[in-house]
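Since we're looking at a predicted model, the values are computed, not measured. Both ligands and their constituent atoms are indexed starting at 1 by order of listing.
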Amino acid sequence: MHILIIGGNGFLGRDLAEGAAALGHKVTVADRRPPRSWPSARRFGVHVADVTRPEQLATVFEAARPDAVVYLAAYGTGGAGLLVSAQADPEAAVGVNVGGLLRTMRLCRDHGVRKLVWTSSTTVFGQAGMYPGETVDESALVGPASVYGATKVLGEQLSRSLAAEYGVQINALRPTMVWGPGVQYRGIQSGLCDLVPHAVRGEEITVAAPAEEWDLIYVRDVSAALLTLAELDTAEPIVHVSGYRASVADVAEEVRGRFPAARIHLRSEPARLGIPFVDTTLATKLGIRPRFDLARSIDDYAATVGGAERVLESDECGDT
Ligand SMILES: NC(=O)c1ccc[n+]([C@@H]2O[C@H](COP(=O)([O-])OP(=O)(O)OC[C@H]3O[C@@H](n4cnc5c(N)ncnc54)[C@H](O)[C@@H]3O)[C@@H](O)[C@H]2O)c1
C-alpha cells in the first residue's frame, strides 16, 4: 500500500513512516518543515508543503497518488506543545487542525483515495467528574476545555458529515497521551520522555510529577494502530487507543528499577490533565492491541538512546 503521511515529519509521523516502510509499504511524507536530522527519510517520497496552502497540498496529491492518507498535521509553534500553541493562537490552530484536514478530505475525494485516517485526541473530553463511570467510550459526550480539543471535536464532526458524501472512509483515532523517543516540543508528556534518556546516561533530572494517573500509550503502538486502521475496511468514525495507566511517579519507579544508577527527583504537583480514562473495547474488536506495557516501553525507548537517538537541529526545535 502507498501511504501519504501529512504532518509526517513530527513525533508520530517519523515513527509511522519508519514502521510502515519496515512492513513493506511505500511511504510519502508531506510536512511544512523539511526532514532535517532524519537521514532515513531519503527512502521516502518527501514533499515540503503547508496544509494551509491549498495549491501546495494539491501538488502533493497529484505527485504521490497514494492508496491511503494519514493526517497528523497539528498547529504548534515555538516548541511549546500543541495544546499551548492552539490556546495562544486559535485561528492558526483551526487553520491547520481543521482547515488542513478538511482540504485533505476533499483531495481524497478528488483523487479517488478511499481511506483517510487522522489523529483526534482524548482532550475532546471534559473533566473526569462530568462522567458517571470510570471510563468513557467513543459515544461519550465531548466537552473540551481547550482550543486544541475543540479543533479535534470539529474535525470529528466534519469527518462524520462528509465521509459518505465524499466516498472516503474516514477514521479518527483518539490516542491517549503518547510518549517515546523523538518528541519535538515541550508538551505535558515532556518530563516523562526526559526520564529515560537521563537514566540511561546517568544524568540527574528533576521532573514534575502531577498527582494523577494518565492513560499512556507508547509511540510504536500508535503507529501500529494507525496502520491497522489504514488497512481496515471499517467506517468506524472514532476509535480510542491506549496502552496502560501510570503516573509520572510510577514511570519513574519503573525506570529506577531498570536503571539503578538513575538520579531522578520528583517535584509534586497538583493534577494537570483531569480527563477521564478511556474504554478501548472497540479497538480490541478491530484487532488493535497495544503490545508495549510500561516495562517494554522503557526498554524500547532506552535502546534508542545513544548513537541512534536523533539530535534535533535548532530550526526543528523551534517549529512545533
Ligand atoms: N503526541 C500526543 O500525545 C498526541 C496524542 C493524541 C493526538 N495527537 C495528535 O497526533 C498528531 C501528531 O502529533 P505529534 O505529537 O507527532 O505532533 P508534532 O508536532 O510532532 O507533529 C505534527 C507535524 O505537523 C506539521 N505541521 C504543522 N503545521 C503544518 C502545516 N501548516 N502544514 C504541514 N505540516 C504542518 C509539523 O511540522 C509537525 O511535523 C497531531 O494531530 C496531534 O494532535 C498527539
Side-chain angles (χ1 to χ4, degrees), residues 4-17 29-38 41 46-57 59-60 70-86 89 91-101 103-104 117-125 144 146-156 172-190 192-193 214-219 221-223 225-226 238-243 273 275 278 310 312 315-320:
L4 166 62
I5 308 173
I6 299 173
N9 189 22
F11 168 45
L12 291 182
R14 289 186 179 201
D15 191 77
L16 174 62
V29 166
D31 202 287
R32 188 170 55 93
R33 302 170 307 147
R36 297 205 178 89
S37 326
W38 187 19
V46 174
H47 296 267
V48 177
D50 187 326
V51 299
T52 65
R53 304 277 301 273
E55 72 291 355
Q56 293 187 4
L57 202 53
T59 303
V60 174
V70 179
Y71 187 91
L72 301 176
Y75 175 71
T77 189
L82 306 177
L83 212 129
V84 171
S85 298
D89 193 343
E91 207 170 343
V94 169
V96 178
N97 304 8
V98 183
L101 177 64
R103 205 160 285 127
T104 300
V117 180
W118 66 280
T119 39
S120 182
S121 160
T122 51
T123 57
V124 294
F125 293 117
S146 63
V147 169
Y148 173 74
T151 65
K152 298 297 187 182
V153 170
L154 187 47
E156 290 179 357
L173 185 72
R174 282 183 187 158
T176 54
M177 195 183 301
V178 189
W179 78 296
V183 180
Q184 301 174 17
Y185 48 79
R186 299 304 294 176
I188 191 170
Q189 76 276 59
S190 299
L192 209 57
C193 293
W214 291 333
D215 267 334
L216 295 174
I217 183 163
Y218 191 58
V219 61
D221 276 329
V222 179
S223 297
L226 289 165
I238 299 167
V239 181
H240 288 166
V241 68
S242 191
L273 200 58
I275 57 176
V278 298
R310 293 182 340 97
L312 294 177
D315 61 334
E316 287 188 300
C317 294
D319 266 352
T320 47

Q. Which heavy atom in S120 sits nearest to a heavy atom in K152, and how many Å separate them?
A. OG-CB, 3.5 Å
Q: Looking only at non-hydrogen atoms, find the nearest pair between T52 and P54 and report the distance.
A: O-CD, 3.4 Å
With heavy-atom distances below 4.0 Å as the criterion, list the atoms of ligand 1 near [X].
{"X": "V178", "result": "1 (N), 2 (C), 3 (O), 4 (C), 5 (C)"}
{"X": "T176", "result": "5 (C)"}
{"X": "A49", "result": "32 (N), 33 (C)"}
{"X": "R33", "result": "37 (O), 38 (C), 39 (O)"}
{"X": "G7", "result": "23 (C), 24 (O)"}
{"X": "Q189", "result": "1 (N), 2 (C), 3 (O)"}

Once rounded to the nearest 0.5 Å, what's the spacing between atom [atom1] of [X] and atom [atom2] of [Y]?
{"X": "I5", "Y": "L16", "atom1": "CD1", "atom2": "CG", "value": "3.5 Å"}
{"X": "S121", "Y": "I275", "atom1": "OG", "atom2": "CD1", "value": "6.5 Å"}
{"X": "I188", "Y": "C193", "atom1": "CD1", "atom2": "SG", "value": "11.5 Å"}
{"X": "R174", "Y": "S242", "atom1": "CZ", "atom2": "OG", "value": "13.0 Å"}
{"X": "W179", "Y": "W214", "atom1": "CH2", "atom2": "CH2", "value": "11.0 Å"}
{"X": "I217", "Y": "Q189", "atom1": "CD1", "atom2": "CD", "value": "13.0 Å"}

Q: Check if K152 has a non-hydrogen atom at a distance under 4.0 Å from any atom of ligand 1.
A: yes
Q) Does S120 have a heavy atom less than 4.0 Å from any atom of ligand 1? A) yes
Within the structure, does [X] bring an N/O atom to less than 3.5 angstrom of an N/O atom in ligand 1?
{"X": "L82", "answer": "no"}
{"X": "P175", "answer": "no"}
{"X": "S121", "answer": "no"}
{"X": "D31", "answer": "yes"}
{"X": "V96", "answer": "no"}

Evaluating non-hydrogen atoms only, which member of [options] is closest to [atom]?
{"atom": "atom 27 (C) of ligand 1", "options": "G180, A74, A73", "result": "A74"}
{"atom": "atom 8 (N) of ligand 1", "options": "Y148, F11, W179, Y185", "result": "Y148"}
{"atom": "atom 40 (C) of ligand 1", "options": "L101, L83, L72", "result": "L72"}

Q.
Checking contacts here: is it the side chain or the backbone of R32 that comes within 4.0 Å of ligand 1, counting heavy atoms only? Could be both or neither.
A. both
Q. Cut-off 3.5 Å, side chains only: do Q56 and R32 have a donor facing an acceptor?
A. no
Q. Would you say the side chains of D215 and T176 form a donor-acceptor pair under 3.5 Å?
A. no
Q) Does CD belonging to E91 count more than 12 external heavy atoms closer than 6.0 Å? A) no
